[in-house]
Structures are given as structure tokens and as C-alpha cells.
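Okay, structure first, notes after.
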Amino acid sequence: MPTYMWLLEEVSELGKALVEGDREAVEAEFADVAAWLSSLANVAQVDLEKAALSKYNGRCPRCGAEVCRCPFR
Ligand SMILES: [Zn+2]
């Protein structure tokens, strides 16, 4: 399985946990998504922190606030 598929699988599991409202599972899935995102960036030789800061400049891409104020759905 390509590395990016692991990330997609974890994102799917995170979405499911959010919909189900299982707090313990949500935290575990966020950890999995962060781990696989970091791994994929490393494999692709991308400095994830540098890329995110460069693109978003420390602000939410949606609401533009430094601390996101987007409503949770
Ligand atoms: Zn926001």
C-alpha cells in the first residue's frame, strides 16, 4: 500500500470518531493522523513546519484568526 493511503485511512477513521463523538477515539485518531502526516512529509522530503508556516503564516486558512474561531460541525 502506498504511504499516502495510510494517511487517508487514518483521516477516515478520525472523521468516523468525530461523528460518533467518542472522545478517546478522537484523541487516538488525531495522534495517528499527525504521525502519518509527519511520516509522509518526511518521506516526501518536505519540512512540514516550514511549509505550514509559509502557507498559513500562523493563521487559520478559513477564518484567518491566529486561534481558529471556525464553528465545529
Ligand atoms: Zn478557523
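Along the sequence shown, residues are numbered consecutively beginning with 1. Atom set for the values below is all heavy atoms of this structure, side chains included, hydrogens, waters and symmetry mates excluded. When a ligand or atom number is given, it counts from 1 through the structure's own listing order.
Summarising the geometry of L7 relative to V33, their closest heavy-atom pair is CD1-O, 3.7 Å, with the distance given to 0.1 Å. The two residues G64 and R59 make their nearest non-hydrogen contact at O-NH1, 2.9 Å.
In this structure, the separation between CE on M5 and OG on S12 is 10.0 Å, given to the nearest 0.5 Å. Here D32 contributes atom CG and W6 contributes atom CH2; the two are 11.0 Å apart, rounded to the nearest 0.5 Å. Here E29 contributes atom CD and D22 contributes atom CG; the two are 9.5 Å apart, rounded to the nearest 0.5 Å.
Side-chain contact between L37 and L48 is present, with heavy atoms from C-beta onward closer than 4.5 Å.
Protein N/O/S atoms found under 2.8 Å from the Zn ion (ligand 1): C60 SG, C63 SG, C68 SG, C70 SG.
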